[in-house]
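Within every chain, numbering begins at 1; the chains are lettered A, B, ... in the order of the sequence lines, protein sequences first and strands thereafter.
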Amino acid sequence: MDFTHQIIFLAGVLFMTSILATVITPRLGVPLLLVFLVVGMLAGEDGPGHVEFHDFGLANLAATAALSVVLFDGGLRTKLAMFRVGLWPAISLSTVGVLVTAGITGWVASWLLDLSLAEGLLIGAIVGSTDAAAVFSLLHTSAVRLNERVTSILEIESGVNDPMAVFLTLAVMQYLLAPADYSALDSLLLFVRQMGLGALIGIGGGRALVWALNRLDLSESLYPLLAFFGGLLIFGITGILHGSGFLAAYLAGLVVGNQRTRAFAGILRFHDGVAWMAQIGMFVGLGLLVTPTALVPIMGQGLLVAAALILVARPAAVVLSLLPFRLPLREQAFMSWVGLRGSVPIVLATFPWLAGMENAAVYFNIAFFIVLVSLVVQGWTLAPAARILRLQLPSQGALVNRLDFDLPGTRGYEIVSYRIGESSSLIGLKSRQLPLDDISRIVCLARRGKIISYREWGTLRAGDYISLLASQDELPKLDEMFQSTVAPKIAAAEQRFYGEFRIDPNAEVQLLVDCYGVNLPETALEKSVGAFFSSVVPRPVVGDRLRLGEMELVIKRMDAQRIAEIWLRLPH
Amino acid sequence: MKLTEILSPERVVSGAAVTSKKKALEELSNLLATGAANLGNGEVFNSLTGREKLGSTGLGHGVAIPHGRVAGVDRSVGAFMRVKHPVDYDSHDGNPVDLIFGLLVPQTATEAHLKHLAAVAEMFSDDAFCSKLRAAQDSASLYALLSGYTPSR
């Protein structure tokens with residue numbers, strides 16, 4: 001009985017500490033995942049907690065389940081529209097990139113640690129993938145706003161490259177366990193099976209899940225659970241059939257997140273909470289598992305392998321796999337730097353242990369150490385790196401304060417609430433002056449804590465809460481409307497970044513030449529400015545710039561695939 | 001850049017009464033033409049409206065900087081007017097415009113053109129300065145403000 005109580009008490013203490021840590025750490029700029037990991041290490045055998053935890057099997061089970069939840073949640077949140085610019089570069093990074101990373105890191109590791117090349121490659125494969133949880137959380141919680149191309153490539157990459165690292169690890173392990181009868185054909189078959197089944201079951205299972213969510217009549221609270229266990233089920237089936245469960249979970253999340261689904265707002269909110277819990281549990285647990293004093297003897301070698309990974313392998317992987325896409329150098333430099341490692345390497349490092357391999361302790365400790373270094377060095381410097389490489393877009397100022405409510409009996413509609421910010425450009429407007437479409441309508445207006453009768457609405461004021469019934473497709477537009485601000489500081493920052501004058505994307509390039517005397521090839525003159533921009537910078541995103549002599553054309557707004565606003569930035 | 005190099009007191013006008021963007025540009029063209037001996041106001045007007053086809057030169061918060069490149073001047077020429085009633089100028093922020101600075105540059109000097117334009121845009125992005133211009137009594141005090149401008153940063 002006492003044991004049960006102690007375990008529950010321990011879980012409570014660890015989760016409470018981690019949750020409280022989230023209040024303080026964003027101000028210090030420390031990556032949260034590092035904090036969770038450290039909480040686990042402190043609670044462990046060498047820290048004040050003195051908890052002895054060496055059950056690699058249990059840790060592997062818990063962390064794998066947690067990872068599948070994080071990936072499913074990541075898929076839910078990834079909009080297919082992001083694939084427009086990010087898909088192919090991300091796939092190239094996840095395949096070729098992981099291979100290159102694993103190869104270079106593995107070679108260095110085998111040399112530094114005095115292992116055979118195959119054993120070194122196992123370490124390379126283990127640390128080969130960037131971490132979805134780390135990348136998602138850093139890109140979303142840090143105050144950095146990056147352009148869509150960088151964000152979408154990094155996010156899709158982190159979701160898709162875990163299966164590749166898992167595959168490589170399994171392949172190298174199979175070879176090491178039976179080197180005599182292992183051929184390249186075996187690894188090819190393994191690859192096809194892992195990715196093929198992962199993709200097939202992930203997409204099929206996702207569709208089935210959407211169908212179930214929309215057809216079954218359940219109590220409202222059960223829909224999020226249906227989605228959650230659906231995701232686990234898909235992961236499980238794929239795993240049992242020796243496919244990649246991680247790929248399946250991510251793709252299933254992606255399918256569900258991009259279809260009209262009943263109770264979607266509730267599903268998202270539930271998964272947000274569960275994904276947090278999974279991350280905390282996983283990192284604290286892995287922190288508990290490690291023996292920090294065992295890391296001390298390998299620190300020197302660990303640092304060198306980490307340096308090789310961060311400074312050589314990752315940049316080489318980025319440059320090589322992005323070669324066909326001709327991305328701006330500054331963006332490639334940033335992506336090289338943001339090759340964050342997280343829980344996946346630690347989880348993968350438990351595989352050799354579970355298989356009873358010879359140097360399992362070395363693999364585990366080195367992988368753990370590399371993750372620590374990566375989280376400290378790269379996680380901590382993500383925002384400064386974006387600033388130094390001038391990749392930060394001006395912040396949009398007032399964050400949208402949006403709350404969603406499900407609307408029973410319908411699909412695709414929600415009630416959303418916004419707070420009118422102090423510098424909102426909507427202040428002073430009457431409710432009917434708001435540009436709303438046919439379906440969206442104002443449900444109520446709350447002022448100073450009270451719902452106001454329609455006749456007393458008058459004009460909008462700062463601090464008002466406005467609730468609207470809206471179709472899900474309208475939400476991005478509404479978000480934009482309610483975050484539009486007139487704060488002078490933001491306007492000045494935007495002018496410095498995007499430029500002074502708005503240019504009509506449909507105007508002819510000839511006009512630009514007439515007005516500013518820039519030299520452009522004959523063939524460009526007849527095009528519209530927007531078409532000319534797209535012809536030089538394919539698949540443009542907000543923040544992309546095109547130099548014209550001393551001036552620059554800068555994209556300020558995209559309307560799906562179409563350039564909606566181009567600005568002219570004068571030399572300064 | 002010193003604004004006095006391109007501006008003279010007779011090309012700074014307070015209280016012009018115009019009713020539309022087109023009228024404002026016509027009025028401004030007349031002013032600019034007085035600073036360029038070889039140019040008629042028609043040519044100036046065509047140059048300015050040509051630039052507007054590329055997109056409004058409204059800077060936002062009630063300011064516009066119409067500009068153009070013309071043959072027939074050998075140095076940059078500026079003119080400023082504050083109109084009595086703000087006119088709709090198609091600005092990105094939707095605000096009507098009451099402070100209008102016109103700039104003409106020679107066909108050849110593209111880089112100097114941009115430097116002048118950037119300096120003027122910088123100056124009119126300063127909200128405090130624009131408020132002073134709106135509060136000024138007459139053309140003479142407008143000219144004094146413009147020629148005495150020093151960047152706040």
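- Checked against the 6.0 Å centroid threshold, A/Y418 and A/Y465 do not count as a close aromatic pair.
- Residues from residues 21-35 of chain B never place a non-hydrogen atom less than 4.5 Å from a non-hydrogen atom of chain A.
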Check the pair B/R75, B/E5 against salt bridge (Lys or Arg N to Asp or Glu O under 4.0 Å), reporting the backbone distance first and the verdict last.
-> CA-CA 9 Å; B/R75 56 182 188 85; B/E5 288 168 22; over 6 Å; no

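- Of the two parts of B/S56, only the backbone, made up of N, CA, C and O, holds a non-hydrogen atom closer than 4.5 Å to a non-hydrogen atom of chain A.
- Nearest approach of B/M123 to B/L146, heavy atoms of both residues: CE-CD2, 3.4 Å.
- Of all residues spanning residues 504-512 of chain A, those with a heavy atom less than 4.5 Å away from chain B's heavy atoms are A/D504, A/A507, A/E508, A/L511, A/L512, arranged by number.
- Of the charged side-chain nitrogens involved, at least one lies within less than 4.0 Å of a carboxylate oxygen, so that A/E331 and A/R149 count as a salt-bridged pair.
- For B/H67, the part lying near chain A is the side chain, with the backbone staying farther off; criterion is any non-hydrogen pair under 4.5 Å.
- Salt bridge B/D98/B/R134: present, at least one basic N to carboxylate O contact under 4.0 Å.
- Heavy atoms from other residues, nucleotides or ligands lying under 6.0 Å from CZ of A/R441 number 12 at most.
- Minimum interatomic distance between B/G78 and B/F101 (heavy atoms only, all atoms of both residues): CA-CE2, 4.2 Å.
- Partners of A/D464 under the salt bridge (charged side-chain N to carboxylate O under 4.0 Å, His left out) rule, at least two apart in sequence or in another chain, are A/R447.
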Candidate pair A/M551 and A/R569, rule side chain to side chain contact (heavy atoms under 4.5 Å, CB included), full reasoning = CA-CA 6 Å; A/M551 312 180 297; A/R569 188 170 180 273; over 6 Å; no

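- With B/H92 as the partner, the ring pair (Phe, Tyr, Trp, His ring centres under 6.0 Å) test is satisfied by one option alone out of A/W567, A/F501, A/Y498: A/W567.
- Minimum interatomic distance between B/L103 and B/L48 (heavy atoms only, all atoms of both residues): O-CD2, 4.5 Å.
- Relative orientation of the B/F80 and B/F124 rings is parallel, given thresholds of 30° and 60° on the angle between their planes.
- Separation of atoms CZ (A/R545) and CG (A/L553) is listed at 10.5 Å; rounding is to 0.5 Å.
- Interface remark: of the candidates B/S91, B/G58, B/A118, B/A118 forms the most heavy-atom pairs closer than 4.5 Å to chain A.
- The two residues A/R539 and A/D544 come nearest to each other via the heavy atoms O-OD2, 4.5 Å.
- Residues of residues 515-527 of chain A lying under 4.5 angstrom from chain B, judged on non-hydrogen atoms, are A/C515, A/Y516, A/G517 by number.
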